[in-house]
Every structure is written in structure tokens, then in C-alpha cells.
Amino acid sequence: MVTTIYGVPGGGLDAGFSGQKVTSRHAIAAAAKAERDTAEILNRIAGVNGAVVLHDVKIPGKYSANIDHIVVTGSTLHLVDSKAWASGFLWTLGRTTRRGTKRFAACDKGTMKLADDMLRAYLMSRAVRFDSIDSTVVVWPSSRDGGVSTWAARFPHARLIHSGKLDRLAGGWVRRSAPADERIVAALVPLLVTKPRPSGHLAAGLTQAILDPEGW
């Protein structure tokens, strides 16, 4: 049986992974729920045309940060970050985003560009070929008191969408796609915050990644 889902959504938050900068108990619970809700949607496409989904992947290098989800289709990597934000109207002018009239710096961070750059360098250093990398930030409301409007906002180096649009977007990734490149998946597995059981590696044909992950 081929493994098509790796990692634990929200695993870094549950384990207190140093890359997570969420502090309050409510914020941690909301962030973890956002990651699990995104994972539920992405897991539906796992295995469709050979797509592979990985949750909670560390950014390569000396960075205490992670990528919430990665979907691999063929030789393409789709990076997905899950956000749990309070209700309000988000809008971006120039490089500054506001929620209503107040500055909302969380939407102006360069984390997705950092993740893209570091993953490219990581894969290239291991001679692992890939076609492209794209990034999406999915926004979930952190409470039930209202919705989050994202249409007028921008996130650096990423597509910013409301959670209600993720299902359709993810479906497009696997439509007529080739199976996930095993060398790409093998290179990503050692970066998981929560390591899979050995059987998961073997089922995906990734024996060499276990024995010598640095050789990929």
C-alpha cells in the first residue's frame, strides 16, 4: 500500500515546536484547528492521480519555522499555510495590510517567500529536480462571531484565499496531474516535525530516505 499522507496537522503546535510563535491558549487552539481543518480538505485529494500530502514540514536551514502543508503533484510543490484570524475586512495598500482601520502585520510577513527560497535551495542541493513551487495562505475565522473578508488583501509571495475556496483550488491541483515524484517526497519526509513510522516510508518506496536521508 502506497502512503499518500505524511505528518500530523498541527503537530508542531501540539508539541510546542519552537517555530510556532503563537502564545495564548485560545490562539494555539484556533491555529491548531485551522491546520486540522485545512488538512481535512487536503487529505481528500491525497492519492488522487498519485498526489501526496505532507503536514507540518520544517523549513530547511537554521530557521525555527515550518510549512503547515505541502501537496506534491508530479514535480510540482504546492505550499499551504493555515491561518486563524479574527473577523474583519482585510485590505492591502502598497505593502501594508489593515483589518478595518488598524494595521494587520500578520498579513505582511515574508514567511512564504522564505519557505519557497529555502525549499528550492534544499532540493537543488540534493539534485532533486522539480518543475515549480507555488504558495497559498488559507484563512479560517478564529471564532464564530463573524467572517473574515480577504478579497481586498494580499499576502507576500502567496495566493491569499478564504477557507471556503480551498476545496476547489486543491481539486484543480490534482486534475490531470502526474503522480507525485518519489524523489521529491523522499527529500521532504526527513523535514517532517512529527516523523512517520518506518512502515510509512517503506510503503511509499522510500527505503533509501530512511537509511541515508542526506544522500537525497
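No single ILVMFWY cluster, assembled from side-chain heavy atoms under 4.5 Å apart, contains both Tyr63 and Val80. Under the 4.5 Å side-chain heavy-atom criterion for grouping Ile, Leu, Val, Met, Phe, Trp and Tyr, Ile59 is connected to Val128 within one hydrophobic cluster. In terms of hydrophobic clustering, with Ile, Leu, Val, Met, Phe, Trp and Tyr side chains grouped at heavy-atom distances under 4.5 Å, Leu191 and Leu123 are assigned to a common cluster. Both Leu114 and Leu54 sit in one connected hydrophobic cluster of ILVMFWY residues. Membership requires side-chain heavy atoms under 4.5 Å apart, directly or through other members. Val53 and Leu77 are not part of a single hydrophobic cluster, where members link through side-chain heavy atoms under 4.5 Å apart.
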After noting the C-alpha distance and the side-chain angles of Lys83 and Val137, does the key distance pass the side chain to side chain contact (heavy atoms under 4.5 Å, CB included) rule?
CA-CA 7 Å; Lys83 301 294 187 184; Val137 174; 3.6 Å; yes
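Counting heavy atoms from C-beta on, the side chains of Leu192 and Lys58 never come closer than 4.5 Å. You'll find the side chain of Leu90 stays beyond 4.5 Å of the side chain of Trp151, heavy atoms only. Residues Pro9 and Asp56 form no side-chain contact, since every pair of their non-hydrogen atoms from C-beta on lies 4.5 Å or further apart.
Ala34 and Ala84 make their closest contact through CB-CB, 4.0 Å (heavy atoms, listed as atom of the first residue, atom of the second, distance). Residues Ala51 and Val174 come closest through the heavy atom pair CB-CG1, 3.6 Å. Residues Phe155 and Ala106 share a closest heavy-atom pair of CE1-O, 3.5 Å. Residues Asp68 and Ser82 approach most closely at OD2-N, 2.8 Å, considering heavy atoms.
With rounding to the nearest 0.5 Å, the separation of CZ in Arg126 from CZ in Arg183 is 11.0 Å. Separation of atoms CG (Asp81) and NZ (Lys109) is listed at 9.5 Å; rounding is to 0.5 Å. Taking NE2 from His157 and CD1 from Ile133, the interatomic distance works out to 8.5 Å, rounded to the nearest 0.5 Å. Annotation: the span from Ile45 atom CD1 to Arg175 atom CZ amounts to 10.5 Å, rounded to 0.5 Å.
Panel note: side chain Tyr122, backbone Leu188; no donor-acceptor pair is recorded below 3.5 Å. Not a single donor-acceptor pair under 3.5 Å links the side chain of Asn66 to the backbone N or O of Val57.
Residues satisfying the side chain to side chain donor-acceptor pair (under 3.5 Å) criterion with Ser135, sequence neighbours excluded, are absent altogether. The side chain to side chain contact (heavy atoms under 4.5 Å, CB included) search around Pro156 returns none, not counting sequence neighbours. Scored by the ring-ring contact (aromatic ring centres under 6.0 Å, His included) test, Phe130 finds no partners at all (sequence neighbours excluded). Shown here are the side chain to side chain donor-acceptor pair (under 3.5 Å) partners of Asp37, two or more places apart in sequence or in another chain: Lys33. Scored by the side chain to side chain donor-acceptor pair (under 3.5 Å) test, Trp140 finds Thr38 as partners (sequence neighbours excluded). The side chain to side chain donor-acceptor pair (under 3.5 Å) test applied to Asn49 returns no partner, not counting sequence neighbours. Scanning for ring-ring contact (aromatic ring centres under 6.0 Å, His included) contacts around His78 gives Trp173, with sequence neighbours left out. Residues satisfying the side chain to side chain contact (heavy atoms under 4.5 Å, CB included) test with Ala152, not counting sequence neighbours, are Phe89, Trp91. For Ala178, there are no side chain to side chain contact (heavy atoms under 4.5 Å, CB included) partners at least two apart in sequence or on another chain.
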Exercise answer: donor-acceptor pairs, residues 159-170 side-chain atoms, under 3.5 Å, sequence neighbours excluded:
residue: Arg159; atom: NH1; partner: Thr136; partner atom: OG1; Å: 2.7
residue: His162; atom: ND1; partner: Gly164; partner atom: N; Å: 3.0
residue: Asp167; atom: OD2; partner: Arg44; partner atom: NH1; Å: 3.4

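Side chains of Asn43 and His55: a donor on one and an acceptor on the other come within 3.5 Å. Thr97 and Asp108 share a side-chain donor-acceptor pair at under 3.5 Å.
Of the residues Ile70, Val52, Val72, Asp131, the one that meets the side chain to side chain contact (heavy atoms under 4.5 Å, CB included) test with Ile184 is Val72.
Residue pairs meeting the salt bridge (charged side-chain N to carboxylate O under 4.0 Å, His left out) criterion with at least one partner in residues 110-123, sequence neighbours excluded, are Lys113-Asp117, Asp116-Arg120. Screening residues 92-102 for salt bridge (charged side-chain N to carboxylate O under 4.0 Å, His left out), with sequence neighbours left out, gives no hits.
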